[in-house]
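What follows is one structure encoded as structure tokens, with my remarks underneath.
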Amino acid sequence: MKPSDSIRLIIIQQLSSIPKGKVCTYGDLAKLVGYPNHARFVGSVLRHLPNDSRLPWHRVINGNGGISFTEDSDAYKLQRSLLEDEGIVFVNGRVKLAIYRMR
DNA sequence: GTTGTGACTACCA
DNA sequence: ATGGTAGCCACAA
């Protein structure tokens with residue numbers, strides 16, 4: 001088992017603890033699990049998640065408060081609608097500040 | 001080894 | 001606000 005595998009597990013564990021209606025950034029998530037500067041790695045972990053995973057991957061957004069997909073992509077539309085279903089409001093492509101962020 | 005890549009960030013002009 | 005750049009670091013080729 002590679003060291004990065006345990007990081008992966010911790011990231012997934014933290015991810016699953018994000019409550020509905022809240023979101024977290026890649027960088028913050030990385031920092032939460034004790035690995036600052038691993039924002040990209042977090043993204044990489046999410047990218048490799050199985051499609052049937054029940055993890056709330058959609059609650060992870062970038063540091064600008066937006067979705068890290070191009071606006072015309074299917075993934076963008078999916079993530080956004082999932083968040084809006086949880087009551088998260090978007091303003092100008094960004095998550096509205098009042099609801100944005102956990103902890 | 002080396003190189004290129006990315007669901008990222010922080011800075012700076 | 002916006003665009004470019006430079007760190008960042010695991011991973012795949």
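Lettering follows sequence order; numbering is per chain, from 1.
Distances shorter than 4.0 Å separate none of the side-chain N or O atoms of A/His38 from OP1 or OP2 on C/dC8. The side chain of A/Arg8 places an N or O atom within less than 4.0 Å of a non-bridging phosphate oxygen (OP1 or OP2) of C/dC11.
Under the 4.5 Å side-chain criterion, counting only non-hydrogen atoms from C-beta, A/Val42 is not in contact with A/Leu15. With a 4.5 Å cut-off on side-chain heavy atoms, A/His58 and A/Pro56 count as touching.
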One character per nucleotide, please: for nucleotides 6-13 of chain B, 5' to 3', B when the base has a protein heavy atom closer than 4.0 Å, S when only the sugar-phosphate does, - otherwise.
BBBS----
From CA spacing to verdict: side-chain contact (heavy atoms from CB on, under 4.5 Å), A/Ile12, A/Leu49
CA-CA 9 Å; A/Ile12 290 174; A/Leu49 284 179; 4.3 Å; yes
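We find the CZ-CG distance between A/Phe90 and A/Leu83 to be 4.5 Å, quoted to the nearest 0.5 Å.
Panel note: side chain A/Asn62, backbone A/Asn64; a donor-acceptor pair is recorded below 3.5 Å.
For residues 76-85 of chain A, the set of pairs meeting the side-chain hydrogen bond (donor to acceptor under 3.5 Å, both in side chains) definition, not counting sequence neighbours, comprises A/Tyr76-A/Arg80, A/Arg80-A/Glu84.
One can place CG of A/Leu29 at 21 Å from P of C/dC8, the figure rounded to the nearest angstrom. Distance A/Asn92 CG to C/dA1 C1': 11 Å, rounded to the nearest Å.
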